[in-house]
Amino acid sequence: MIKARFFLWLLFAPLMPLGGQTLAISSFELPNGLRVILAPSSNLQAASVCVYHMRGARLEPVDARGISYLYQYLMFDGNENLEPFDHVLFINKMGGIVSGRVNYDNAVFYDVLPAQEINVALWLESERLKSLRLNDANIDYQKNQIITRIGRLLESNPGFRAQTWVNSRVFEGSAYEIPLYGDLNRLRSLSNDRVRDYYQHFQNLGNVLLIITGKFDINELRSGINKFFQDIPPGRRAANPVFSAQNQRRSHVAKNWLLSGLKKHFVVYGIKAPAKIGYNFMYFDFLRYYLTDPRLARLGHILNAVNKLDVEIESGFTDYMEANCLTIQVSSSKRFNLEKAKYIIEKELHALGNIPISNNDMKAVRSLMEIDFLKGMVSLEERCLRIGEYYHMFGELNFYDVQLRRLRRITPYDIMESAKKYLLKENQVILNVYGD
Amino acid sequence: MSTAIRNLPLCRAGCLLGGMLLLLASGRAFGAEPRLFSFATSKGLAVKVLQDNELPFIHAQLLIYLDGSTQNYASLAITQLAVMNMFERSLNSPPSNLMGMLQRQGGDFLVEQNPEFMKISMNFLPDRLGSFSRLLKEIFTYQSFHLNKFNLSKERFWPLFMKGRDWKKEIALTLAYQQLVGNFYFTRGFLLQEILDGINMAQVRSFMLKNLRPDNALLVLKGKVNPYFILGMIEKDLPSPAVPPARERRETPALNAARKIFILNVNAPEPPMVYWFDVAPPAADAAFLPYAIGNFSLFGFPGGRIYHSERNRFLMEGYKVDTDTIYLKDFTLFCNYLRVNYGDLENFLLLVEQERKKFAARPIERKEYLDALNHYIGQAQVGTSRFSYELQAEIDRFHGQGTKGAAPRPGPELFQEVSFNRVLQAMDEQMGAKPKSGNREKGIVVLVGNADQVLNSLKFLKTEALELSVD
């Protein structure tokens, strides 16, 4: 019997899908509340250590908006045992990569380095969590840097100003309404004690995930984690509010700005889009790829190749968990062309809700989305981020197969329904920016 | 009856053999290590397949060789126009045959260019493998020439050239390369409109016939693939190259690495970019590694000499030099670059010059050598987490084969074999600590920014700088 099974296995092995596509992700919790998530890949010689804070700017108190954005810079400004940028120096010396960013829903800091040096990254990250340097001098320095940089951007870049305005109108009434850097005047007057005090919430271990991917020896890793993280006090535990997809208010907003010295007129569309935690998100993401991904360039084709309007198109997507915004910026030196482009875009968005996308386009978008998803899973830092986000949103670890299956099952009717719901005029904020 | 069959040793051996043959036919590799298969097809295309069953998609790179050392103003423009006509999405809308096939393949492709080759990289799902060889055929037999498209590409050349790429670095590389190989020296602007206007479609077509040939290309694939299946497809679909055959591999050009400063005039509000190019042996040559270590000892952050002393740290405050390694057939270029304020421009250039000279009096120390070694070994290990890892190494090996026989396989282990003495020797050659060509410094510098402001900020180096413009 066993031999017969062996023979059958031999016979059918070549026909089976090659290689495992499911990630083996596991997790455990330290007594101080820190949740550790492990996703090993033994075929690599590198590992990634990622600290995922499940607290982003959306949970900031009203009087301290922008404080998380400030931490993004303070995180590299030293701690009790390390001087500013020592963290970067250590990782750089080992040929590794270090980076991080704060967003509305989360904050992520990671190091990718040779697998045998994983304890160095664990030590560096634990130092950062334990004793971030928050003295007056470095808080003031970073505050000034942010105020100067953003102030300069707002002053000199009409595109940035326009995007900020559109985002604030799309997310009106929600936590995403205020820019990530907050209100610059308030940030200037924010007391340093408040910055130190709120850090206890930000780094609270109950809201932090330590995600490790790549090659590691599980026993050595566990002892490293215990050594560096178990002594960190749990901090003041504050429960994260549960995510809920927000119903963005439907109201069409259109506004004109007149700016002198502008080389090109432009229009910014802000389209209200579903939350990342919502079931519809993937369908809308499909629409986003179809319309704006530069590799498909559907809008570019319609406006420039079919209608010969010679306009430039840029797009952006917020990728937030409770609500989203797709921005499309169209610019042209000829106002007539811009107005025509607006008319055509309106028609195109309307048509997507009525006519199903062709099978060829479905295939093209689906395979591009799948390739991007798989590429993301190969990169260690991207994998950490996705694991963290999925756990943060749904409390689950294994999402690889689920996501892929859903992606492969998208039908033209799902897309049409999504277009009907989200590409309505009532879901759009439009800002026209004209030069002299 | 069944017992009788089970007991027949011949039958059991046959079953086992049959199963094993099936496994072999599937090309399935045991274990996680990617396996390399190299083929030279009857059509002249060199193929390297890295079978990696862990990679859930297929990554392919097609290199088509260009003869950088014989380029001139016109041929540079022809190459750029050819690539643009073939691969620029907005020019091929509605899609040409090639663009349609690229889109059906998944649409995730990128075309990069340097003076020696164009590289078409793409990612696609395993179910598209069947159509990949037809896509290759379309590239090698490209026929979608249209006068309107061609004229549009000339008209809109600069906006398209600047779109979605680091065009400043690309131009800087071209300038440095031509200066090094000494084929022709730029004295006029780069790709000026008058030069573009003078190019006709027949020239582009003739360029394609000459260069887009299977026997002038290398294909490297990585993913969950059966290498024999790929080989079969290529043999079946690819056209036989027409006579005359592609150029023979030429001799290594004599390189002129003496210092030269170019200013590329670009009207942009942001501070200028500085690109500092240094030459090293080809990456597959064992002599390459000491040069890499030398470059890191000077520019590498944070241990490099330009950050060492108090004075240097003060000058470099807020600045960090990044390094790109540009792998070419006969040599390698280190491109060290940073964005620097106009006021600090000359200080930076003089600081680098001074630190290079100091290598003669104070050669690289053992600690610096070990730091650099550690950095490169670590970087190679971190590189294993990138899906294109190993492809560059195979390309370098391929380039090394023509002239030097079996090249060593780059990897972490190889760095450990580089002796301290060899590094010292390389430093002399690379940094010009003991200049070989008279008393000239080495290193080609390209400054990209507003030329007036750059010239105003230069005091000592002003006379050396040559200003060029772009349209």
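Chain A is the first sequence line, chain B the second, and so forth, proteins listed ahead of strands; every chain is numbered from 1.
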Sort out for me which of I371(A), D372(A), N360(A) touches chain B most, counting heavy-atom pairs under 4.5 Å.
I371(A)

For R89(B), is it the side chain, the backbone, both, or neither that has a heavy atom closer than 4.5 Å to a heavy atom of chain A?
side chain

Against chain B, label K363(A) side chain, backbone, both or neither, depending on which of its atoms sit under 4.5 Å from a heavy atom there.
neither

Among R295(A), K215(A), R383(A), single out the residue with the greatest number of heavy-atom pairs under 4.5 Å to chain B.
R295(A)

Please classify the contact between V88(A) and chain B as side chain, backbone, both or neither, with a heavy-atom cut-off of under 4.5 Å.
side chain

What part of Q116(A) lies closer than 4.5 angstrom to a heavy atom of chain B: side chain, backbone, both or neither?
side chain

Interatomic distance, F57(B) atom CZ to M377(A) atom CE [nearest 0.5 angstrom]
11.5 Å

Between CD on residue Q105(B) and OG on residue S367(A), distance to nearest 0.5 Å:
9.0 Å

Pairs meeting criterion side chain to side chain donor-acceptor pair (under 3.5 Å) with involvement of residues 302-314 of chain A, two or more places apart
K264(A)-E312(A)

What pair of heavy atoms forms the shortest contact from T384(B) to L44(A), and how long is it?
O-CD2, 3.1 Å

Using a 4.5 angstrom heavy-atom cutoff, name the option from L91(B), N374(B), D108(B) with the most pairs to chain A.
D108(B)

Structural part of K375(A) lying under 4.5 Å from a heavy atom of chain B
both

Side chain, backbone, both or neither: which part of K320(B) has a heavy atom under 4.5 Å from chain A?
side chain

Output the option from H301(A), E370(A), E117(A) having the highest count of non-hydrogen pairs under 4.5 Å with chain B.
H301(A)

Count the heavy atoms belonging to other residues, nucleotides or ligands that lie under 6.0 Å from CG of N148(B), then report whether that count exceeds 12.
no

Close side-chain approach of D361(A) and Q103(B), heavy atoms under 4.5 Å
no

Taken to the nearest 0.5 Å, the spacing of M94(A) CE from H375(B) NE2 works out to 11.5 Å

Least distance between heavy atoms, P56(B) atom then L374(A) atom:
O-CD1, 3.7 Å

How many angstroms lie between CG in L125(B) and CZ in R408(A), if you round to the nearest 0.5 Å?
7.5 Å

Considering non-hydrogen atoms only, spot the tightest contact between V382(B) and G95(A) and give its length.
CG2-O, 3.7 Å

Applying side-chain contact (heavy atoms from CB on, under 4.5 Å), run through K93(A) and D371(B) and close with a yes or a no.
CA-CA 7 Å; K93(A) 268 193 165 183; D371(B) 279 350; 3.8 Å; yes

Within this structure, what is the OG-CD1 distance for the pair S385(B) and I97(A), rounded to the nearest 0.5 Å?
6.5 Å

Distance in Å, L296(A) CG paired with S93(B) OG, rounded so as to fall on 0.5 Å steps
11.5 Å

Could you report the tightest heavy-atom contact between Q381(B) and A46(A), atom names first, then the distance?
O-CB, 3.5 Å

Shortest non-hydrogen contact between R386(B) and E381(A), atoms and distance
NH2-OE2, 3.2 Å

Between G106(B), P126(B), G164(B), the one whose heavy-atom pairs under 4.5 Å with chain A are most numerous
G106(B)

Show the nearest heavy-atom pair for residues P114(A) and G378(B), with the distance to one decimal.
CG-CA, 3.4 Å

